[in-house]
Amino acid sequence: MPRPLRVAIGGIHIESSTFSPHLSGTADFDVTRGQALLDRYGWLTDAWAAEVEWVPLVHARALPGGAVEPAAYDAWKAEIVDGLAQGSFDGMLLDIHGAMSVVGRQDAEGDLITAIRQVIGSEPLVSTAMDLHGNVSQTLFDGCDLLTCYRTAPHVDVWETRERAARNLIEALRRAETGGDRPHKALVHVPILLPGEMTSTRIEPAKSLYARIPAIEARPGVIDVAIWIGFAWADEPRCMGAVVATGTDAAATDQAARELGQAFWQAREDFAFVAPTGSMDDCLDAALKEGAGRPYFISDSGDNPGAGGADDVTYALERMLARPEIRDGSVRAVFASLFDPEAVARIGHLPVGSPVSVRAGGRIDTREPGPLLLEGTLEALADDPNGGRVASVRVGGLSVFITSRRMQYRLLESYRLLGVDVAEVGVVTVKIGYLEPELFEAAADWMLALTPGGVDQDLQRLPYRNLTRPIFPLDRDFTI
């Protein structure tokens, strides 16, 4: 009977755009502790995990947003560290995103693992599960023994990845009990920085690149190989592609990392957007063209809250309202959504069907055109588990969704809460990048609008100052 292992679980999970004026504070996070934290992981009762004492610390998770307020980060870091100081541990499962930024600092996850090591020392093993849009700094790599990340974008293997990180940890701890070495690990930084919308695993070359993982991982002496695309909307030196391999054999581990890193670099010119792109007006022209598929989705990608946008830029909405066929109701359309709790509070007490006149949007990210006056009818009110109190204002043929909490309208149920069946809509503009699975299945056709915002897809328009240069595609005339 193997001896019981004692393993801590905790982390801070957010993707932060340093180009967004939004600040992520405690109110933006869902925080779990104790049994509620353990209940997140359905595999804890599986045979391999049941013999482990899993010790919950704290886990804070938020929709991507702007940089995190230092006080919030410091409080959760202190809680993690204090929990680790309460006893001895064989290991830790570090459940993070990997692209968190904290105001006034760089390499937040590197800072977190450094604080963890200062209290637990160098002996316990740390395994981290990450988003493939995270960043692997040298500090984070040095502080962890095992690192893995998602293998799909859109991310449909989130919980599978966390289970893999935990299983790899327990297996490594069991090997150590019988005299095995700590895992060997290798890091290859790849000087590429691309938006997720150019690196979806639905299409080439990312599809084939990630498809190579299982065969390489199955080689003798290899435990895990992982490819990080990196996070394009943070201006920090660590933001770039990375490949990490871990294994029981140093030579096999090094070879795996070098091989995938080289394949990533060689594919750099082949990455392209996952859908046709254009300005917002270009996308509307296509969507409103006679014979266009219905529903026709347009991604308002520059203000995508799923990547850190403020979720209140009104540019795309203004362009929709400028279309006569939408204003006069000839075309049924939806705009999802604007984050504006003040606007929701102004109309949320009114009976459905009431005439309304309310300014919405443009309060956080104030770029033009700023707050827009919506004059129409209060079409629906609802309480959404993600968006809080939400309202739909009908202006001509357009339903404008306004939320009291930042959210991404990626699930069809969120539309239905406001009385909308997207199958009956002509044009749906949604603040998103690549379409998440339910929307992708619902769309008859779609385009990705290169709109302004804190997560602008045109990286050349972003004022980078701190990246490690040269880096593709901002720089092209260099070799590695």
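Starting from 1, each residue takes its place in the sequence as its number.
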Chemist: Does Arg405 use its side chain to pair, donor to acceptor, with the backbone of Gly388 at less than 3.5 Å?
Modeler: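 Pair absent, no side-chain N/O of Arg405 close to backbone of Gly388.
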
Chemist: With the threshold set at 4.0 Å, does a side-chain nitrogen-carboxylate oxygen contact exist between Arg105 and Asp74?
Modeler: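 Judged by the 4.0 Å cut-off on N to carboxylate O distance, Arg105 and Asp74 do form a salt bridge.
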
Chemist: Taking the six-membered ring of Phe440, is NZ or CZ of Arg202 closer than 6.0 Å to its centre and within 45° of its axis?
Modeler: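 Yes, Arg202 and Phe440 form such a contact.
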
Chemist: Quick one: salt bridge (charged side-chain N to carboxylate O under 4.0 Å, His left out) partners of Asp477, sequence neighbours excluded?
Modeler: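 So Asp477 forms no salt bridge (charged side-chain N to carboxylate O under 4.0 Å, His left out) with any residue.
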
Chemist: Is there a side-chain contact between Lys431 and Arg406, using heavy atoms and a 4.5 Å cut-off?
Modeler: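 Not touching, per the 4.5 Å side-chain cut-off.
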
Chemist: Find out whether Val313 and Asp300 are in side-chain contact, i.e. whether some heavy atom of one side chain is under 4.5 Å from a heavy atom of the other.
Modeler: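 Heavy-atom side-chain distance check fails, nothing below 4.5 Å.
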
Chemist: Distance only, no hydrogens: is a donor on one side chain within 3.5 Å (strictly under) of an acceptor on the other, for Asp281 and Ser279?
Modeler: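 Distance-only check fails for Asp281 and Ser279.
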
Chemist: Give me each pair satisfying ring pair (Phe, Tyr, Trp, His ring centres under 6.0 Å) with a member in residues 454-480, each pair once, sequence neighbours excluded.
Modeler: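 The answer is Phe19-Tyr464, Trp265-Phe478.
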
Chemist: Would you check if there is a donor-acceptor pair between the side chains of Thr18 and Asp235 at a distance under 3.5 Å?
Modeler: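 Looking only at side-chain atoms, Thr18 and Asp235 do not form any donor-acceptor pair under 3.5 Å.
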
Chemist: To the nearest 0.5 Å, how far apart are CE in Met100 and CD in Glu236?
Modeler: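 So the gap between those two atoms works out to 10.0 Å.
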
Chemist: Which residues satisfy the side-chain contact (heavy atoms from CB on, under 4.5 Å) test with Ala272, sequence neighbours excluded?
Modeler: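 Once residues adjacent in sequence are excluded, Ala272 has no partner under the side-chain contact (heavy atoms from CB on, under 4.5 Å) criterion.
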
Chemist: Between His59 (side chain) and Asp95 (backbone), is there a donor-acceptor pair under 3.5 Å?
Modeler: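 The answer is yes, because a donor-acceptor pair under 3.5 Å joins these two groups.
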
